Amino acid sequence: MANQSRDLLVKAKAPDANGRVHHVTPESAHWDHVGFDLYRLKNKQVLDVPADGREHCLVLVAGRADVTAGTEIFRNIGERNSPFEGKAPYAVYAPAGTACRIGAIGDVELAVCSAPGTHRDTPVRLIRPADVGYEERGKGSNVRHVYNILPESAPADSLLVVEVVTPGGNWSSYPPHKHDTSAAPQETKLEETYYHRLNPSQGFAFQRVYTDDRSIDQTMAVEDGDLVMVPEGYHPVGAPHGYDLYYLNVMAGPERRWCFKNDPRHEWMLKR
């Protein structure tokens, strides 16, 4: 059981020599599945992702790159300079045991999402913007724009990857919901990370992570580039007026299904 002493907010820091800003492993997060790295690469900088027992989804948050995954080569992919351009990203899925190399073309913001993988014969594939499902969720001040990069309907072992853009003044992951119990089809157990961006970048947002018994109850002021870890519990997000909020979600667990439970104290608003 997680507890209040565990800090779920990871502040953005300057890139290291390899361009890495965030590095979350199952060991550092004290969980079993989700790994997340965020890189800011300079022009012609090269990043190698070694072959191991984890599957990877490489998401071009911004910028263009050449990507090699196993024997597949995808040249000059990526067509947005910011995740706030109203278009889906390019991404590459690589099964476990597949080495990857990313070569930056100009400045690149790259997310490396990972989880345990067992089916090494799943094909490498390029995920184009046209392959990414889009939906608008919510009504009124609960509207947000969702881009399903790696949904459960797409082949993978553990990973689920999605982007969400929440307009300023709106709420997201709301009403509060959780997915921390293996009780499908009512609920599945999924760890989750939120990688946040703000537009304009000097903005902020709020995210609360809390459990029914309040063994976790943290409300965090999130700034541009910060990361929030959700090991369990409900996790709503609010974007103040004037600042649009982007986040990239990575989820994984023992069963690759997104089944969630709304907080029953707040579910009434869906029935109005």
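We're numbering straight along the sequence, starting at 1. All values derive from a computational prediction rather than experimental measurement.
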Trainee: Describe, in one word, how the ring planes of Phe84 and Tyr246 are oriented to each other, choosing from parallel (under 30°), tilted (30 to 60°) and perpendicular (over 60°).
Mentor: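 Rings of Phe84 and Tyr246: perpendicular, over 60°.
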
Trainee: Taking all atoms of both residues into account, what is the closest heavy-atom pair of Gly225 and Ala12, and its distance?
Mentor: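 Looking at all heavy atoms of both residues, the closest pair is O-CB, 3.3 Å.
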
Trainee: Judged by modelled atom types alone, do Asn249 and Glu163 share a side-chain donor-acceptor pair under 3.5 Å?
Mentor: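 Glu163 and Asn249 do not have a side-chain donor-acceptor pair below 3.5 Å.
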
Trainee: Please indicate whether Lys11 has more than 12 foreign heavy atoms, meaning atoms of other residues, nucleotides or ligands, lying under 6.0 Å from its NZ.
Mentor: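 Above 12, so yes.
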
Trainee: Taking Val61's backbone N and O only, do any of them form a donor-acceptor pair with Arg80's side chain (distance below 3.5 Å, no angle check)?
Mentor: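 Side chain of Arg80 to backbone of Val61, a donor-acceptor pair under 3.5 Å: yes, one is there.
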
Trainee: Are any non-hydrogen side-chain atoms of Val112 and Tyr39 less than 4.5 angstrom apart?
Mentor: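 The answer is yes, as the side chains (C-beta and beyond) meet within the 4.5 Å cut-off.
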
Trainee: Check step by step if side-chain contact (heavy atoms from CB on, under 4.5 Å) holds for Phe74 and Val124.
Mentor: CA-CA 11 Å; Phe74 308 109; Val124 168; 3.9 Å; yes

Trainee: Keeping the roles fixed (side chain from Asn199, backbone from Asp244), state whether a donor-acceptor pair exists under 3.5 Å.
Mentor: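 Between the backbone of Asp244 and the side chain of Asn199 there is no qualifying donor-acceptor contact (under 3.5 Å).
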
Trainee: Using only atom types and a distance under 3.5 Å, with no angle test, would you say the side chain of Asn262 pairs donor to acceptor with the backbone of Pro264?
Mentor: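 No, the answer is negative, given that no donor and acceptor are paired below the 3.5 Å cut-off.
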
Trainee: Do other residues, nucleotides or ligands put more than 12 heavy atoms under 6.0 Å from the CZ atom of Arg101?
Mentor: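 Check fails, neighbour count at 12 or below.
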
Trainee: Could you check if a side-chain atom of Lys42 sits within less than 4.5 angstrom of a side-chain atom of Asp107, using non-hydrogen atoms only?
Mentor: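 In short, these two side chains touch, coming nearer than 4.5 Å.
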
Trainee: For Trp171 and Arg144, work out which heavy atoms get closest and say how close.
Mentor: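 Nearest heavy atoms, Trp171 then Arg144: O-CD, 4.0 Å.
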
Trainee: Answer with yes or no whether the side chains of Tyr247 and Ser172 bring together a donor and an acceptor at under 3.5 Å.
Mentor: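 Side-chain D/A pair, Ser172 to Tyr247: present.
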
Trainee: Is there a path of hydrophobic side-chain contacts, each under 4.5 Å between heavy atoms of I, L, V, M, F, W or Y residues, that connects Ile127 with Ile77?
Mentor: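 Different hydrophobic clusters.
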
Trainee: Given Val92 and Arg125, is the side-chain contact (heavy atoms from CB on, under 4.5 Å) satisfied, shown in steps?
Mentor: CA-CA 6 Å; Val92 173; Arg125 65 183 183 275; over 6 Å; no

Trainee: Quick check: closest heavy atoms across Ile149 and Pro89, and the distance to 0.1 Å?
Mentor: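 Nearest pair, atom of Ile149 first, then Pro89: CD1-CG, 3.7 Å.
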
Trainee: Is it the case that His179 and Glu192 place a side-chain donor and acceptor less than 3.5 Å from each other?
Mentor: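 Checked: His179/Glu192 side chains pair up, N/O donor to acceptor below 3.5 Å.
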
Trainee: Is it true that Tyr194 and Ser173 share a donor-acceptor pair across their side chains at a distance under 3.5 Å?
Mentor: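 Yes - a donor-acceptor pair under 3.5 Å links their side chains.
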
Trainee: Quick one: do the His23 and Asp37 side chains pair a donor with an acceptor below 3.5 Å?
Mentor: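 A donor-acceptor contact under 3.5 Å links the two side chains.
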
Trainee: When you measure from the side chain of Asp157 to the backbone N and O of Gly117, does any donor-acceptor pair fall under 3.5 Å?
Mentor: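 Between the backbone of Gly117 and the side chain of Asp157 there is no qualifying donor-acceptor contact (under 3.5 Å).
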
Trainee: Show the numbers, then the answer: is there a salt bridge (Lys or Arg N to Asp or Glu O under 4.0 Å) between Glu109 and Arg197?
Mentor: CA-CA 11 Å; Glu109 185 177 0; Arg197 293 289 313 282; 2.6 Å; yes

Trainee: Should we say atom NE2 of His119 is surrounded by more than 12 heavy atoms from elsewhere, each under 6.0 Å from it?
Mentor: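 Open.
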
Trainee: Val228 and side-chain contact (heavy atoms from CB on, under 4.5 Å): which partner among Gln207, His235, Arg208?
Mentor: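 Per the side-chain contact (heavy atoms from CB on, under 4.5 Å) rule, the option paired with Val228 is Gln207, out of Gln207, His235, Arg208.
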
Trainee: At what distance, to the nearest 0.5 angstrom, does CG of Leu47 lie from CG of Leu110?
Mentor: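 Rounded to the nearest 0.5 Å, the CG-CG separation comes out at 6.5 Å.
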
Trainee: Answer yes if Val164 and Val237 sit in the same cluster of Ile, Leu, Val, Met, Phe, Trp and Tyr residues linked by side chain heavy atoms under 4.5 Å apart, and no otherwise.
Mentor: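 Hydrophobic grouping puts Val164 with Val237.
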
Trainee: Between Lys178 and Glu187, is there a side-chain N and carboxylate O pair less than 4.0 Å apart?
Mentor: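 Yes, this pair counts.
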
Trainee: Please walk me through it: do Thr219 and Tyr210 pass side-chain contact (heavy atoms from CB on, under 4.5 Å)?
Mentor: CA-CA 8 Å; Thr219 301; Tyr210 67 97; over 6 Å; no

Trainee: Can you say whether the rings of His177 and Trp258 are parallel (under 30°), tilted (30 to 60°) or perpendicular (over 60°)?
Mentor: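 Rings of His177 and Trp258: perpendicular, over 60°.
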
Trainee: Let me confirm one number: the CE-CG distance from Met229 to Asp7, rounded to the nearest 0.5 Å.
Mentor: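 Nearest 0.5 Å value for the CE-CG distance: 7.5 Å.
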
Trainee: Does atom NZ (Lys13) have a neighbourhood of more than 12 heavy atoms from anything else shown, all under 6.0 Å?
Mentor: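 Check passes, neighbour count above 12.
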
Trainee: Return yes if a side-chain donor-acceptor contact under 3.5 Å exists between Ser114 and Arg54, otherwise no.
Mentor: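 Arg54 and Ser114 do have a side-chain donor-acceptor pair below 3.5 Å.
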
Trainee: Could you give the distance from OG (Ser153) to CG (Asn148), rounded to the nearest 0.5 Å?
Mentor: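 The OG atom of Ser153 sits 8.0 Å away from the CG atom of Asn148.
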
Trainee: For the CG atom of Leu60 and the CG atom of Leu41, what is their distance to the nearest 0.5 Å?
Mentor: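 Spacing of CG (Leu60) from CG (Leu41) equals 9.5 Å.
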
Trainee: Does any N or O in the side chain of Asp263 come within less than 3.5 Å of the main-chain N or O of Arg265, such that one atom is a donor and the other an acceptor?
Mentor: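 Side chain of Asp263 to backbone of Arg265: a pair is present.
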
Trainee: Would you name the heavy atoms of Pro185 and Arg257 that are closest together and state the gap between them?
Mentor: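 Closest pair (atom of Pro185, atom of Arg257, distance): CB-NH2, 3.7 Å.
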
Trainee: Nearest 0.5 Å, please: how far is CZ in Arg75 from CZ in Arg64?
Mentor: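 Result: 13.5 Å between the selected atoms.
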
Trainee: Indicate if Val132 and Leu58 have the same hydrophobic cluster label, given that clusters are the connected sets of ILVMFWY residues with side-chain heavy-atom separations under 4.5 angstrom.
Mentor: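 Per the 4.5 Å side-chain linkage, Val132 and Leu58 are not co-clustered.
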
Trainee: Kindly say whether Lys139 contributes a backbone atom to a donor-acceptor pair with the side chain of Asn142 at under 3.5 angstrom?
Mentor: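 Checked: no pair found.
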
Trainee: Say you draw a straight line from CG of Asp131 to OH of Tyr90; how long is it, rounded to the nearest 0.5 Å?
Mentor: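 One finds 9.0 Å between CG of Asp131 and OH of Tyr90.
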
Trainee: Side chains of Leu270 and Pro175, heavy atoms from C-beta outward: is any pair under 4.5 Å?
Mentor: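 Leu270 reaches Pro175 side chain to side chain.
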
Trainee: Taking everything shown except Arg137 itself, do over 12 heavy atoms lie less than 6.0 Å from its CZ?
Mentor: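 Yes, enclosed.
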
Trainee: Without swapping roles, check the side chain of Glu191 against the backbone of Asp32 for a donor-acceptor pair under 3.5 Å.
Mentor: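 Yes; at least one donor-acceptor contact below 3.5 Å.
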
Trainee: What's the verdict on side-chain contact (heavy atoms from CB on, under 4.5 Å) for Thr193 and Val230, showing C-alpha distance, side-chain angles and the deciding distance?
Mentor: CA-CA 6 Å; Thr193 55; Val230 184; over 6 Å; no

Trainee: Say whether, by atom type as modelled, one donor and one acceptor occur between the side chain of Arg256 and the main chain of Gly253 under 3.5 angstrom.
Mentor: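 Checking the backbone N and O of Gly253 against the side chain of Arg256, no donor-acceptor pair under 3.5 Å is found.
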
Trainee: Show the nearest heavy-atom pair for residues Ala239 and Pro167, with the distance to one decimal.
Mentor: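 The answer is CB-O, 4.0 Å.
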
Trainee: Grouping I, L, V, M, F, W and Y whenever their side-chain heavy atoms are under 4.5 Å apart, do Val34 and Leu190 come out in a common cluster?
Mentor: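 No: no chain of side-chain contacts under 4.5 Å links Val34 to Leu190.
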
Trainee: Could you tell me whether the side chain of Arg128 and the main chain of Ala91 form a donor-acceptor pair under 3.5 Å?
Mentor: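 Pair absent, no side-chain N/O of Arg128 close to backbone of Ala91.
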
Trainee: With distance as the sole test, does Glu72 use its side chain to make a donor-acceptor pair with the main-chain N or O of Thr68 at under 3.5 Å?
Mentor: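 No, because the side chain of Glu72 does not come within donor-acceptor range (under 3.5 Å) of the backbone of Thr68.
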
Trainee: State, yes or no, whether a side-chain contact exists between Glu152 and Leu150 at a heavy-atom distance under 4.5 Å.
Mentor: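 No, their side chains stay 4.5 Å or more apart.
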
Trainee: Is Val165 linked to Tyr195 within one hydrophobic cluster, defined over Ile, Leu, Val, Met, Phe, Trp and Tyr using a side-chain heavy-atom separation of less than 4.5 Å?
Mentor: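 Yes; tracing contacts between hydrophobic side chains, which count when under 4.5 Å, links both residues.
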
